[in-house]
Each structure stands twice: as C-alpha cells, then as structure tokens.
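See below for the structure under consideration.
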Amino acid sequence: MNRRFSRVESGADLKDYFDRGDIASRENRWNFEVAWEVANKVGGIYTVIRSKAYVSTEEMGEQLCMMGPYKEQCARTEMEEMEFPRGNPLLDAVNALRSRGYKVHTGRWLVDGNPQLILFDIGSAAWKLDQFKLEMWEKCNIGVPHLDIETNDAIILGFMIAEFLEEFRNFAIAYSQNNELSAPRIVAHFHEWQAGVGLIVLRTRLVEIATVFTTHATLLGRYLCAGNTDFYNNLDKFAVDEEAGKRQIYHRYCLERGATHLAHVFTTVSEITGYEAEHLLKRKPDIITPNGLNVKKFSAIHEFQNLHAVAKEKINEFVRGHFYGHIDFDLDKTLYFFIAGRYEFGNKGADIFIESLARLNAMLKHEKPDTTVVAFLIFPTKTNNFNVDSLRGHAVIKQLRDTINNVQQAVGKRMFDTCLKGHIPGPDELLQKDDLVKIKRCMFAMQRDSMPPVTTHNVADDWNDPVLSSIRRCQLFNSVHDRVKMVFHPEFLTSTNPLFGIDYEEFVRGCHLGVFPSYYEPWGYTPAECTVMGIPSVTTNLSGFGCFMQEHISDPKSYGIYIVDRRYIGLENSVQQLTNFMMEFSRLNRRQRIIQRNRTERLSDLLDWRTLGIYYRQARVKALQAVYPDYVDETTLYGSRNNLIFSRPHSEPPSPSSSRHTTPAPSVHGSDEEDSVDDETELKELGMK
C-alpha cells in the first residue's frame, strides 16, 4: 500500500506559515472551507473541521472563511453572530444573497482560533429547489428523488454557496481594482458529497475559482461494508452503478463522483481510502491529507502519567460499584481495555474484539490467573433505562464508604482522647460493638447471588443486540472464574453520567489499552486520540490511522501501536493475532507499561495539525496553480519528510526475558515502581537524560 498514490512530501511544517494571513492578504488570496458539519455536530467530520480551525486561522487569518448550513440548535451555542466590516467584499456578497431573499448568518465560530463563519438557512431558499434540480439535470443529467430530504437540502446548500462564491469573486475583483491590489486568487475546499454540490455548480457555471474536494469515506464504501461483503478483496470487481442502484443511492453516488472528477484537486484522508476511491469513484487522489488533532503538550513528562493515575482511580470507583459482592480481584493488577465509536458492529471490529477476549480469558486463566482485564464496550444504542442492579451497586458502595468514614472519625476521636489521658488504647476501646454492627450490615448488603451484569443499561431488544448476542455466544458472563470481565455501556460518556461521572477524554486517559480492530475505518480518530494522550492502542491495516503509522514508524508495536492484519490474512488468523497482542500487553509489568506510555505520547507530534496541516496547504496550492498558472508558493519545493519517520526506540532491547522483542525491557531489579527507572538508555528514552 505504501506510496501507491501520488503524495506531496514537504520538509516544512504548517507552523512555518503562521502569520495570521499576512502573506495571504498581500497576495489577495482567499480560502473558503465548506462542509455540512461546520458548526453543526453530526459525526467525525465535525471533529476534523473544528480541530483544524485553530491552525487554519493561524495560517490564513481573516482570509479564511468557513461555510455550512444554519442549524439553529447547534448555532445557538457554537456561533457568535456579527456582521463583516463595511467595505469587505464578504459583506457585499452576503448582502447580495440577502437581497435575493436568502437568510444568511455571519459571525465567528466559538472554537479555538475563532474563524469567520457564514451559515446559510436552507429553508429560505427551498422555494427554488425545483429550479436548482432542473439545472442539475440539464447540465449533469443527475436527477434527485423528491422524497430524499437529505439530498434536497444538499442541493439547496450547494447552490446557495455557489451563488455566494460567484458574487464574492465579482466583488473581490472590483475591490482589488479600486484599491490597486493584484487580482484575487480564491480557493474553495469542499468536504464530502453534501458540500460537493456547490463544487459541481461552480464548475458547470465556469466560475474561475480553484476547487479542492476531500472525501473522508466514500458513500458506496460505507454501504458495501455494512452488507458483510469481502470489500477490499473485491474492490476492482464491483459494478459500482449497479451496486449504488441496488441500495437506492445512485443519485448521491453520482453527486459524489461528479464532485470528485470536477475538482481541480482531489484528496482523501488516508491511503486505504484513496485505494477505495480509485475503484469506486474512478479517480486516484492527488494528495493524501491525514487528519490531525490539537495536541496540548505537557511541560514535564510525568504530568500525563499523573492524569492517567487520577482518571484510573475514577474508573476503579465504577468497577467497585458495578462488581460489588464479586470484587475477588486486585484492582492494582487489573487492566482496562476499551472500544468505542458508532454502533457499527462489524465495521468497528467489535465482533473480533469479543471473540478475542474469550480466547484471552482462557489464556489468562492458565498463564496469569492473578491478572484481570475489564473490557469496556462503549457503543450508543437504544435503551430503556439504567440497569437497576448497576445503580444499586453504586449506592451500596457509597453507603459502605460513608459508614467506614464515620467509624474512622469516631475511632480517631477515641484514640486521641485515650492518648490524652496518658495510656495506649486497646483494640476493644477503639472499635466498639456498635461500629462492628454497622460495618457488618453494610457488608451483608453487598452480598448477592447473581453475577455482575454485562451491561449498565437495559438495552432495547436485547435478544437481537449484536454485542449482547456475541457475549452470550462466548459465555463471558462475569463469573468468579472469568479473568476477563465485560461492561457494555450503550451511551456516550459525559461528566453528568451517574455511573462513571467522567467524560470520554478522562475515561480514555484512565484506561490502559484502546482496542479498535476496525474492518472499515477511513481514518480512525479513536486510536489517534489514545495516542496523543499516551495510551497504547490496537488498530488495523484497513484503517487510515494504521496505514499512516505503518508508513511513518519503523516499529509501531514498540511505540504502543499494535496493528492487526485484517487485509492479507484470514479472519481466524486476525482473531488469533489480536488475542496475542492483548496477551502480550497483559504480560507487561507496571514499569514496562509506564515506559510504553511515554513512548506512545512521543508520537503526538506526528498527529498534531501543526505537522499534518501542511498537506491541506499543499492541496490548496496545487488547486491555485491549476487555475492561476502564475501563482508560485514555496511549499511546492517538495523534499523528503524525514522528520516524520520515527525510528526504533533507543531503549529497545534485542531480546528481553519476559516479553517479546518489541516490548519494553524489564527492570534489572525486578521492581514495578516508576522511580526504579535508572538505566541510562531508559532515562534517555524517557527524555530525562
């Protein structure tokens, strides 16, 4: 897969161009970013646009404007409405659209960077829908069914944005001539097929604007993978028109394919998605534009380790309540694994995760019976309410803690008073019979005959639920003898959750390993988020993140990135490989896990938008050069990106005694304590040398 496609390589980082739009303003260069999820939280693209907003505004300043649909429920909390300054061509173009009867909202997005926003009220232009559809049919031969509301909205938004950009170009030319500026150079970047309608309209109306189209996942690919097909081994065999027609998305597929071929520059978020686009959309991407995150670095290396310890204790609290009456395992020797995301059972790899956990359970019983793994599955689905047994457990644990705190205070007071009188108190003087009765009553309340539940909620139609069905098939029922305990949490984590009381980010920090053995994952933000927080993760060579890590890291496993092969080997072998990875991780002692987390956190620079944003800049430059041949930019002087290649860690031993060749070396003194890291090469590895 590596370097199958045309990639633009650069030795520069985006932070080299952070001038708040000074150069862009002098060059009269404008950038518009268009997506359905601008200030409108729907899915993963919202995360991409939102997290990239800071570096985009640092680079382009007031020459950047983001555009999308106006959704009042989201915009009310995400947008600060304000008008553009007088004399600005943006204001003139907005007023031109308002004069046509369109409602247009302008302001700033309340995220890092505060980029300029233009949101279009789709309902205000719905009266022109038939006219828009007629133009789409006459120029592109694409017909849209009347009852497809989502596509109708995409058509209206696309035409409104195209008309705005056309007006903006005219006003920008006039503004430049009046102020003796160079001719404006405008680039519009469209994300996904819903925004791609605007690109099609611009190109068919012959508006001189450079265009970039990014697909984060092909429409047909999502549908084909959901149908349990052998997707990647049959990509070159699919009759794409027929397959789209069978699924009643042919018109959407045509819009996506039209935007792909009409764009001056076409990009995808990963090479695996580029391979998919080559066969389904019939165009190779010009540039791969990987997704990044806003990485907040800590000044001291131990800070994120401390955050892990704090968050882990909060998860310990949940485990004490959920498994009350069955806490027959040592929480200090318990590992927390998790999987999270949209509830796409097969695409997200939950099927092989549960199967591998069953095998891991058998291996731990035989090899490491004192180690326990608690596996969390966080997939939002329809529920009736919280599981009463789970809620009761937390109430019982709270009662026990309150009782013991009261007894502690009473014992402390008695000890103080007795010592004050000049003699050492005896056991009977400290712990009275009344105190023992209170403690015993709490302990009897903790007893239960049933096993701890495998889910925190009452799942609707639980007999047909795929996760619960797999748990039943594998017989992972949280029995006393199981070394792998299951917790299915069918809703997203928030700090107001009565069971966990922590948000998703804190939960991730408290876990030991994220497991994401996805079959269809165009990028993979969940393992990327784990990486920037210093949490090791399992991914696959069918996810964009996994392919990216394979390309840029000499030995991903030594950095805590375990990559399961789901492409070139059979399903049974993939399950066995995942089981071995999890068992390998379970063998690590505490010190080895600390060293591995330090290594994983080092990769955060690799996933920072300051590093990866350069690819988006290069895509824009390439599009500008296609429309304005005289435009020259220094980022076109492509070189090697050696600063993105992570070599094998210095402390990597050739053959450690207690683990395989890519795990951290055990301590010479056999200690599991963090302060026992005293080997010179380990200190160098931990950044303390």
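Keep in mind that this is a model prediction, so the values were computed, not measured.
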**Item:** Side-chain (Ser518) to main-chain (Tyr520) donor-acceptor, under 3.5 angstrom
**Value:** no
**Message:** Counting C-beta onward and ignoring hydrogens, is there a side-chain heavy-atom pair between Glu256 and Thr215 closer than 4.5 Å?
**Reply:** yes
**Fill in**
CG (Leu493) and CZ (Phe318) are apart, to the nearest 0.5 Å, by 9.0 Å
**Asked** What are the two closest heavy atoms between Arg100 and Trp127, and how far apart are they?
**Response** O-CZ2, 3.9 Å
**Prompt:** Which is it for Arg185 and Asp630 under the side-chain contact (heavy atoms from CB on, under 4.5 Å) test, yes or no, and what are the steps along the way?
**Reply:** CA-CA 11 Å; Arg185 296 185 175 97; Asp630 59 327; 3.1 Å; yes
**Prompt:** Under 4.5 Å between any side-chain heavy atoms of Glu276 and Leu220, yes or no?
**Reply:** no
**Asked** Less than 4.0 Å between a side-chain N and a carboxylate O, is that true for Lys348 and Glu344?
**Response** no
**Request:** Specify the closest pair of heavy atoms between Leu119 and Pro69, including all atoms of both residues, with the distance to one decimal.
**Result:** CD2-O, 3.9 Å
**Donor-acceptor under 3.5 Å (Ser124 side chain, Tyr102 main chain)** = no
**Prompt:** Atom CG of Leu224 and atom CG of Leu280: how far apart are they, to the nearest 0.5 Å?
**Reply:** 6.5 Å
**Request:** Using atom types as modelled and distance alone, determine if a side-chain donor or acceptor of Tyr17 lies under 3.5 Å from a backbone N or O of Ile23.
**Result:** no
**Donor-acceptor pair, side chain of Ser25 and main chain of Gly21, under 3.5 angstrom** = no
**Message:** Heavy-atom count check: over 12 atoms from other residues, nucleotides or ligands less than 6.0 Å from Lys139 NZ?
**Reply:** yes
**Fill in**
From the list Arg20, Arg610, Arg620, Lys52, salt bridge (Lys or Arg N to Asp or Glu O under 4.0 Å) partner of Glu59 resolves to Arg620
**Message:** Under the criterion side chain to side chain donor-acceptor pair (under 3.5 Å), I'd like the reasoning laid out for Asn31 against His189: C-alpha separation, chi angles, the key distance, then a yes or no.
**Reply:** CA-CA 8 Å; Asn31 179 32; His189 191 151; 5.8 Å; no
**Asked** Is there a side chain to side chain donor-acceptor pair (under 3.5 Å) between Thr214 and Thr267 once you walk through the steps?
**Response** CA-CA 5 Å; Thr214 296; Thr267 80; 2.6 Å; yes
**Request:** Output yes when a side-chain donor or acceptor of Asp286 lies under 3.5 Å from a complementary backbone atom of Val265, and no otherwise.
**Result:** no
**Item:** Tyr525 (side chain) donor-acceptor with Gly292 (main chain) under 3.5 angstrom
**Value:** yes
**Request:** Taking only Lys NZ, Arg NE, NH1 and NH2, and the carboxylate oxygens of Asp or Glu, determine whether Arg617 and Asp16 approach each other closer than 4.0 Å.
**Result:** no
**Message:** If we count only N and O atoms by modelled type, under 3.5 Å, do the side chains of Arg257 and Tyr253 hold a donor and an acceptor together?
**Reply:** yes
**Item:** Check: Asn28/Ser176 side-chain N/O donor and acceptor closer than 3.5 Å
**Value:** yes
**Message:** Between Asn114 and Trp109 (side chain of the first, backbone of the second, donor and acceptor by atom type, cut-off under 3.5 Å), is there such a pair?
**Reply:** yes
**From Phe18, Tyr616, Tyr615, residue fulfilling ring-ring contact (aromatic ring centres under 6.0 Å, His included) relative to Trp609** = Tyr616
**Asked** Is the backbone N or O of Ile378 less than 3.5 Å from a side-chain atom of His489, with the two atoms forming a donor-acceptor pair by type?
**Response** no
**Asked** Is the NZ or CZ atom of Arg342 positioned over Phe379's six-membered ring, under 6.0 angstrom from the centre and within 45° of the axis?
**Response** no
**Message:** Within the 3.5 Å criterion, strictly below it, is a donor on Lys133 or Asn152 matched to an acceptor on the partner's side chain?
**Reply:** yes
**Message:** I need the minimum non-hydrogen distance between Trp137 and Gly143, along with the two atoms involved.
**Reply:** CE3-N, 3.6 Å
**Heavy-atom side-chain proximity of Thr289 to Thr268 below 4.5 angstrom** = no
**Message:** Just to verify, which of Trp523, Phe338, Phe545 counts as forming a ring-ring contact (aromatic ring centres under 6.0 Å, His included) with Phe516?
**Reply:** Phe338
**Request:** Applying salt bridge (charged side-chain N to carboxylate O under 4.0 Å, His left out), run through Arg50 and Glu37 and close with a yes or a no.
**Result:** CA-CA 9 Å; Arg50 177 183 171 134; Glu37 298 190 30; over 6 Å; no
**Ring center gap for Phe132 and Phe159 short of 6.0 angstrom** = yes
**Item:** Trp36-Glu192 side chain donor-acceptor pair, cut-off 3.5 Å
**Value:** no
**Asked** In terms of side-chain heavy atoms, does Thr539 have a donor or acceptor partner in Ser543 at a distance below 3.5 Å?
**Response** yes
**Request:** Identify whether the distance between the nearest side-chain nitrogen and carboxylate oxygen of Glu491 and Lys382 falls below 4.0 Å.
**Result:** no
**Prompt:** Do the non-hydrogen side-chain atoms of Ile315 and Phe376 ever get within less than 4.5 Å of each other?
**Reply:** yes
**Asked** Should the pair Phe548 and His552 be assigned to parallel (<30°), tilted (30 to 60°) or perpendicular (>60°) ring geometry?
**Response** tilted
**Message:** Please find the pair of heavy atoms, one from Gln63 and one from Arg29, that lie closest to each other, and give the distance.
**Reply:** NE2-O, 3.1 Å
**Asked** Which pair of heavy atoms, one from Tyr46 and one from Lys41, lies closest together, and at what distance?
**Response** CD1-CA, 3.5 Å
**Fill in**
Separation between CE (Met160) and NZ (Lys128), nearest 0.5 Å, reads 9.5 Å
**Request:** Please check if the side chain of Gln116 supplies one atom and the backbone of Leu64 the other of a donor-acceptor pair under 3.5 Å.
**Result:** yes
**Request:** Report the C-alpha distance between Leu165 and Ile161 in whole Å, list the side-chain angles of each, state the deciding distance to 0.1 Å, and finish with yes or no for side-chain contact (heavy atoms from CB on, under 4.5 Å).
**Result:** CA-CA 6 Å; Leu165 289 172; Ile161 286 173; 3.9 Å; yes
**Asked** How about Asn384 and His457: does a side-chain donor come under 3.5 Å of a side-chain acceptor?
**Response** no
**Request:** State, yes or no, whether a side-chain contact exists between Thr494 and Asp503 at a heavy-atom distance under 4.5 Å.
**Result:** no
**Request:** Give a yes or no on whether Leu134 atom CG has more than 12 heavy-atom contacts from other residues, nucleotides or ligands under 6.0 Å away.
**Result:** yes
**Heavy-atom side-chain proximity of Thr211 to Phe190 below 4.5 angstrom** = yes
**Prompt:** In Å and rounded to the nearest 0.5 Å, what is the OH to CG distance from Tyr70 to Asp121?
**Reply:** 7.5 Å
**Item:** Pair Arg108 + Glu81: basic N to acidic O under 4.0 Å
**Value:** no
**Prompt:** Counting N and O atoms only, with roles assigned by atom type, does the side chain of Thr273 sit under 3.5 Å from a partner on the main chain of Val269, one being a donor and the other an acceptor?
**Reply:** no
**Message:** For His261, I'd like to know if atom NE2 has over 12 heavy atoms of other residues, nucleotides or ligands within 6.0 Å.
**Reply:** yes
**Value rounded to 0.5 Å, distance of CZ in Arg252 from CD in Glu150** = 4.0 Å
**Fill in**
Between Leu117 and Met79, the two heavy atoms sitting closest are CD1-CG, 3.9 Å
**Item:** Steps toward side-chain contact (heavy atoms from CB on, under 4.5 Å) verdict (Leu157, Gln194)
**Value:** CA-CA 8 Å; Leu157 177 67; Gln194 294 105 319; 5.9 Å; no
**Prompt:** Can you tell if the side chain of Ile173 reaches within under 4.5 Å of the side chain of Arg169, non-hydrogen atoms only?
**Reply:** yes
**Prompt:** Are Glu529 and Tyr504 side-chain neighbours, meaning at least one heavy-atom pair lies under 4.5 Å?
**Reply:** yes
**Prompt:** Below 4.0 angstrom, N of the basic side chain to O of the carboxylate: do Glu135 and Arg205 qualify?
**Reply:** yes
**Request:** Measure the CG-CD distance between Asn88 and Glu83 for me, rounded to the nearest 0.5 Å.
**Result:** 11.0 Å
